[in-house]
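Chain identifiers are assigned alphabetically (A, B, ...) following the order of the sequence lines, protein sequences preceding nucleic acid strands; residue numbering begins at 1 within each chain.
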Amino acid sequence: MTTNTRQPQSAWALLADIVGGAASVIKGHVVTLRNWLRPKVTGQYPYRDPAKEWVPKPGYRGDFALIHDPERPGGLRCIACMACANVCPDKCIHIIGQGKGKERHPAAFDIDIGLCMYCWLCVEVCPVRAITLTPEYHNVAFTPQELIRDINDLKARGEGIAEPLLPVPIERSVLQPPTAKKKDVSEA
Amino acid sequence: MPEQEAPQPAAPEAERVPGIEPAFAALAERFGDELVAARKTADGPDFTVAPARLADFVAALRESVLAEPHLFVDACGVERETALEVVYRFSLVSRREIVTVRAHMPKDKPAVASLAVMYPGARWPEREYAEMFGITVTGHPDMRHLLLPEGWVGHPLRKDYVYPLDHPYLAPDPLREDPVRVLGHAPEGEGEES
Amino acid sequence: MNEANVGTTDQLIVNMGPQHPSTHGVLRVALTLDGERVVSADPDIGYLHSSMEKIAERLDYRQYISYTDRFDYLGAMCNEWVFVRAVERLAGIEVTPRCEHIRLLMAELNRLASHLLYFGAMGIDTGATTVFLYCFRERELILDLFEWVSGQRLLYNFLRVGGLRNDLPDGWVEQCHAAMDALASRVDEYDTLLSENRIFIARTRGIGAITAEEALAYGFSGPCLRGCGVPYDLRRVDGYSLYPELDFEVCVEEGGDCLSRHMVRSRELRESIKIVRQVLARLPEGEVNVPVPRRLKVEPGEVYERIESPRGELGCYLVSDGSDKPWRMHWRAPSFYNLAPLDRLCRGHWMADMVAVIASTDIVLGDVDR
Amino acid sequence: MSIHTIGVIIKDWLIGLLAGWGVPVELSRLLIEVLTWAVGAALCIIAIMLAALVFIYLERKVSGYIQSRLGPTRCGPVGILQSFVDVIKLLLKEDIVPAEADRVLHTIGPILFLAVSALAYVVVPWDEGGTVAGKVDAGVGVLFMAAVGSMGLIGIVVGGWGSNNKWSLLGAIRGAAQMVSYEIPMLLALMCVVLQAETLSLAGIVEDQKGSIIAWNFLRPWMWLPVVLFLISGVAEINRTPFDIPEAESELVSGFHTEYTGMKFALFFLAEYGNLLLVALIFSVLFLGGWLSPFGYPDPLRLPGIIWLLAKSLLIVLIVMWVRWTLPRLRVDQLMGLAWKLMIPAGFVALGVMCAVIMLGWA
């Protein structure tokens, strides 16, 4: 190949240039041929077959869920302390609390995941570890209204989840044991 | 962090008290009162000059502190309590030394001498802080708006800037405008923050 | 307009972007062409302006970390790192050794991911589509690591003031080793396909050349500046974090053209793999978090903290008034300064070179506009 | 039984039929001749379309496999119906003409491009003694192909100009320059083959290579340079990477067909793949023995010649696709430099070598 920036000085240099250029081009073809024969890395989305579907690692920050506690009113661990609603940078969590003291629980708990940026801060600040993000990533909807998760929805998603999901045991993260954080709540 | 040091006081007024360190006596002599403050920090020298002499001062620095090859790092504006400030940073290539040059301006009619001719890299940041803080940059070859559309009213990074919520570029968010309609109930907890 | 040309041939003024496949986002360049020669190129930015600096003034330090991911979205870990470093320096917080190792690891992995994307983008802009897909394939290995440890693939929100969101999961280190081995064997393939290909060399050698003096005055940094022969790598110049203890080479190429910038990144891929392996080998055990008050208030003061991001000197200028929110927060965004001399780099070259020049500066428009 | 004999039988039967209705034999001969050409033309268009559909699918699969992807998988088994679905999609799409565009030229552009591409198929010798028109190519197939082939750029220029888009215009001008330049080394390579076969007829060139694979042109050492030249300039003629500068997606936003939608876009697309097949066919005819079997003449496997021709063409198409998905794109001046500074001198060298070979009597 000739370039306008570097001209070969002699006929032999020109020939060497052509041969070198051709060799570099052919080497590239060897690479693509090798990849042609390698196994393919992409898959099909979405698979109807759950066995083939990509499953995110635990701790993936997808859709929301509220963690259950059958002994509490409302069946949820949440104490409607507003810590998550306050810390949320996007202000996408809307809670209405009910009851006083130990009986306090959310009557309404709405998360607008269309506004949410999945920063995980609500999980981080929750004093009772009542909210979590789940690996569920099928969050598409046709209208903005469908993107609002209400309390029943969040409760249903929390089925079978015992603690906020993380890739490591909770002690090795910024999440602290629930008791330690209760003091913080009264401060805030 | 090895280069950890005690935090610098923020208020620029307080820095004038220690005045100019002896290491920069030559510069002080040359610029007199227009070199407001000069001190050494862990990062490198830090100068405060009169805004009109900023370009001259940096030119003088190129004969002393910035004589080595150096990178034009950054220029930005800061709003202090009583004044607007522009901060220029240069970094030596060979070792860790950041040279900071500041200029304070009154808030009502801020103007500063441009470095854009000496450092072409200063063109864009100067345009940026000019539109963001309403600072007039004298001697700049091209003072169009950089990030904001032409004709934008106000200077967004000023503390007293009011966001034009009725601006056509800003679509209203239905959830925030009328949560009752969207959610079916009034949200609690809004307004409890801070 | 070039006066001499007026009256002889018409100059063509075309809008390159904001919807153009090779402007790496929403960049508009008002191009004046004489035939296909670039007479002037005037970049018009601001389409992605998202008031990052203003937003910082209404959020506390913890909340803002997730926003730092979002301007230079290809170097999110580096953005987080420089921000938490700035806050920690103001607040006088010292992190644990394990935390520092993991942060450095994340930054280097992010550099790998970013450079891989650069390789792909450079390939696709010069017409070699396949390299793009190969690079994405290998980038996936790194994003999988990020996803596992932080829960997201692009916007990690992983670093915290005084620590990390969580420790490394079990088995992560082994997977990281495996990913590095897989990557190291593939980097040569990219070089065969691009860096050593004669067509690619012809497309990039001598194109968009800039001298070291000019580059310094323009505020060029990162691989772009090292491509001009200036050994300015903050990992060595500042020697922050653990970098002084690590063995790696500052990649410098003479020439200042697109090819030099490309070769710097090509070599940095290998250096980063080397760094990651070293850090993995010496990763200490222990806690990752130090106790930090929930509502962190730092002393009044200001700090300019900088690190070497994949794109260059990434600076965080933080002014605090003593409250829990920054008083002023300014990003020294490397892409912003690397894009500014576009006119200088492109003038007189062919229009097709413009694409190579933009690709070789490796800009991220989120980073330019902030 | 070759295509040619089938054609003759059908013709004779038709003449007999018409004679039975009282039509004069001379008139019916003329009618049949016109009909034959019309049917031939229709067959050409259909062949191009089919080839394009197959090649679009093939291209996607090849690019997918090279790039570690799967390619289309949804429509039909392994996505085999993908290109048919695409055609339906393109047909249903709105045909948009930009407000400031020249409506007439904008419409004529793609039609011209496809028409010219189809025209060149007339002279391809599909089988022994058989072109589409059912007769031998009047002895000047090479000339006809060269003349018609270079007209394709008119469609590109007309379409690019008619779009009234600066990117399209740049693409069209680039295309014109490129096609004019690469015509020359291509013809020089052709000349070598013509000298070898001592005929301008494409069918004659195949006849000249009669025999097994060792008799084909590409195995003759003095043909190696023309083979390379023809392949490179052929790829350049059909605007494919690394010579796709008229389209240059990353620079010119698709170049001359930026402003085309729906069926007009499809016409450009079809014609491009039609051209790809044409270059592959001509290459097979010139250097790979056309419809000849590699195992000798007559074919011991008794396969129709057209199968051999298509198989050889497919091989060439695959190679061209492989090149496309491997190499970066040349810049417009480098492209011209390659043609004028390297390939045209090389073409003359090849021609000189060929002449020397003939004078020495080795050919």
Apply salt bridge (charged side-chain N to carboxylate O under 4.0 Å, His left out) to the pair A:E124 and C:R160, showing each step before the final yes or no. CA-CA 11 Å; A:E124 194 174 321; C:R160 296 289 186 274; 2.6 Å; yes
For a side-chain contact (heavy atoms from CB on, under 4.5 Å) check, start with the C-alpha distance between C:R62 and A:V87, then their side-chain angles and the critical distance, and finish with the verdict. CA-CA 9 Å; C:R62 178 180 49 183; A:V87 81; 3.5 Å; yes
Check step by step if side-chain contact (heavy atoms from CB on, under 4.5 Å) holds for C:Y134 and A:T32. CA-CA 10 Å; C:Y134 290 169; A:T32 41; 3.8 Å; yes
Tell me, with the steps shown, if A:N35 and C:R137 meet side-chain hydrogen bond (donor to acceptor under 3.5 Å, both in side chains). CA-CA 12 Å; A:N35 280 285; C:R137 182 183 63 196; 3.0 Å; yes
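Of the listed residues (A:C119, A:G62, A:A23), the greatest number of heavy-atom pairs within a distance under 4.5 Å of chain C belongs to A:C119. Among C:G151, C:G162, C:P293, C:S150, the residue making the largest number of heavy-atom pairs under 4.5 Å with chain A is C:G151. Here C:Q63 is the residue among C:Q63, C:E196, C:E140, C:R153 with the most heavy-atom pairs under 4.5 Å with chain A. Heavy-atom pairs under 4.5 Å with chain A peak, among C:I65, C:L168, C:T130, C:L59, at C:L168.
When atom types are taken as modelled, the side chain of C:E189 and the backbone of A:V31 share no donor-acceptor pair closer than 3.5 angstrom. At least one donor-acceptor pair under 3.5 Å links the side chain of A:R61 to the backbone N or O of C:Y156. Side-chain N or O atoms of C:R165 include none that pairs as donor or acceptor with a backbone N or O of A:W120 at under 3.5 Å. Of the possible polar contacts, none joining the C:T192 side chain to the A:G28 backbone as a donor-acceptor pair under 3.5 Å is found.
Salt-bridge annotation for C:D170 and A:R172: present, with a side-chain N of the basic residue lying under 4.0 Å from a carboxylate O of the acidic one. Using a cut-off of 4.0 Å between Lys/Arg side-chain N and Asp/Glu carboxylate O, C:D144 and A:K57 are scored as not salt-bridged.
Between C:N197 and A:K27 the shortest side-chain heavy-atom distance does not fall below 4.5 Å. The side-chain heavy atoms of C:N289 and A:V174, taken from C-beta on, include a pair separated by under 4.5 Å. For the pair A:P167 and C:N166, the minimum side-chain heavy-atom distance is below 4.5 Å. The closest side-chain heavy-atom distance from A:M117 to C:D69 is not below 4.5 Å.
Only the backbone of C:L164 comes within contact range of chain A, with heavy atoms under 4.5 Å apart. Contacts between C:V131 and chain A at a heavy-atom distance below 4.5 Å are absent for every atom of the residue. Only the backbone of C:L155 comes within less than 4.5 Å of a heavy atom of chain A; no side-chain atom from C-beta onward does. The contact between A:P56 and chain C is made by backbone and side chain atoms together, counting heavy-atom distances below 4.5 Å. Contacts between C:R70 and chain A at a heavy-atom distance below 4.5 Å involve the side chain alone, from C-beta outward. For chain A, no part of C:I55 is nearby; none of its heavy atoms comes within less than 4.5 Å.
Rounded to the nearest 0.5 Å, atoms CG (C:L194) and OG (A:S24) are 11.0 Å apart.
Under a cut-off of 6.0 angstrom, the local environment of CD in A:E136 is crowded, with over 12 non-hydrogen atoms contributed by other residues, nucleotides or ligands.
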